[in-house]
Amino acid sequence: MERFSNITNWEEETEARVAKGVAYFKEGYNCAQSVARAFADAYNVPLPLMTLMSASFGAGIGRMRETCGTASGMFMLAGLETASVEASQETKARNYAAVQELAADFKAQTGSLICRELLKGYVKDINTNPTPEARTDEYYRKRPCVKMVELAIRTYMAWLKRRQEE
């Protein structure tokens with residue numbers, strides 16, 4: 001938690017990370033990568049490594065439309081924040097509690113953690129073909145993914161702030 005202890009303006013820090021995440025998504029990174037990359041500096045994870053580690057979680061895990069990639073990116077960050085390289089029950093419990101809290105916060109705001117459910121009403125054909133769609137203006141207009149990147153980053157920052165205040 002010490003890596004976030006020097007934040008004096010949480011709102012400003014949150015907006016900066018949201019802007020990073022949205023920019024990454026608009027550059028063509030998937031939703032999980034966009035969330036994870038927005039925090040690479042905070043965790044001293046090289047950007048290329050963070051990009052590779054989060055690559056498989058986009059579009060609901062490998063475009064299977066399962067767990068939302070932005071939530072998966074958030075959960076990866078929770079591991080960096082709460083887990084340990086030691087195999088201990090205490091560490092697992094702390095990490096699982098963090099993931100469950102973040103998942104509950106995300107779900108309370110969106111109604112679901114499932115990509116295909118989040119896309120309903122936005123995308124007519126929710127397919128799982130492994131070929132990603134081209135990133136066009138239409139792509140960004142017809143789906144809530146940018147909003148989900150923002151929401152995941154805001155949710156994670158709010159969770160960090162609550163931890164800092166405890």
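Values in this document were obtained by computation on a predicted structure and should not be read as measured data.
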**Results of salt bridge (charged side-chain N to carboxylate O under 4.0 Å, His left out) for Glu165 - residues two or more places apart only** =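 Glu165 satisfies salt bridge (charged side-chain N to carboxylate O under 4.0 Å, His left out) with Lys161 once adjacent residues are dropped.
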**Atom pair CG (Asp125) and CD (Glu133), whose distance is rounded to the nearest 0.5 Å** =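 That separation rounds to 8.5 Å.
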**Prompt:** How many angstroms lie between atom CE of Met74 and atom OG1 of Thr155, to the nearest 0.5 angstrom?
**Reply:**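 Result: 5.5 Å between the selected atoms.
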Closest contact, heavy atoms only, [X] versus [Y]:
X      : Y      : value
Arg116 : Met64  : NH1-O, 3.8 Å
Thr82  : Thr91  : O-CG2, 3.9 Å
Ser72  : Thr67  : OG-CG2, 3.7 Å
Leu118 : Tyr122 : O-CD1, 3.5 Å
Ile114 : Ser112 : N-OG, 2.9 Å
Ile126 : Lys120 : CD1-N, 4.0 Å

Counting distance only, does the side-chain N/O of [X] pair as donor-acceptor with the main-chain N or O of [Y] below 3.5 Å?
X      : Y      : value
Glu117 : Leu113 : no
Tyr29  : Thr51  : no
Arg17  : Ala38  : yes
Asn30  : Phe57  : no

**Message:** Less than 4.5 Å apart, side chain to side chain, heavy atoms only: is that true for Ile7 and Gln164?
**Reply:**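 No, too far: nothing below the 4.5 Å cut-off.
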**Request:** For residues Ser34 and Val22, determine if any side-chain heavy atom of one lies less than 4.5 Å from a side-chain heavy atom of the other.
**Result:**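 The answer is no; the side chains never approach within 4.5 Å.
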Hydrophobic clusters here meaning ILVMFWY residues chained together by side-chain heavy-atom distances under 4.5 Å, can you tell me if [X] and [Y] are in one?
X      : Y     : value
Tyr140 : Val18 : yes
Val99  : Val35 : yes
Leu160 : Met76 : yes

**Prompt:** Where do Leu49 and Met53 land on the side-chain contact (heavy atoms from CB on, under 4.5 Å) test, with the steps shown first?
**Reply:** CA-CA 6 Å; Leu49 180 59; Met53 289 187 328; 4.0 Å; yes
**Item:** Test side chain to side chain donor-acceptor pair (under 3.5 Å) applied to Glu138 and Arg135, Arg141, Lys142, the passing residue
**Value:**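 Of the listed options, the one satisfying the test is Arg141.
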**Message:** For Leu47 and Tyr24: C-alpha separation, side-chain torsions, deciding distance, then whether side-chain contact (heavy atoms from CB on, under 4.5 Å) applies.
**Reply:** CA-CA 11 Å; Leu47 209 48; Tyr24 288 139; 3.8 Å; yes
**Output field: ring centroids Phe4/Tyr43 closer than 6.0 Å** =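 Under 6.0 Å, so yes.
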**Prompt:** Does the separation of the ring centres of Tyr156 and Phe39 fall below 6.0 angstrom?
**Reply:**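 Ring-ring flag for Tyr156/Phe39: true, centres closer than 6.0 Å.
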**Prompt:** Could you go step by step and tell me if Leu80 and Met50 meet the side-chain contact (heavy atoms from CB on, under 4.5 Å) rule?
**Reply:** CA-CA 11 Å; Leu80 292 171; Met50 187 68 92; 3.8 Å; yes
Tabulate below the donor-acceptor pairs under 3.5 Å that side-chain atoms of residues 145-154 make, not counting sequence neighbours, or state none.
residue, atom, partner, partner atom, Å
Arg154, NH1, Glu15, OE2, 2.4
Arg154, NH2, Glu15, OE1, 3.3

**Asked** Without hydrogens or angle criteria, can the side chains of Arg63 and Asn127 be said to hold a donor-acceptor pair below 3.5 Å?
**Response**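 Result is yes, a qualifying pair exists.
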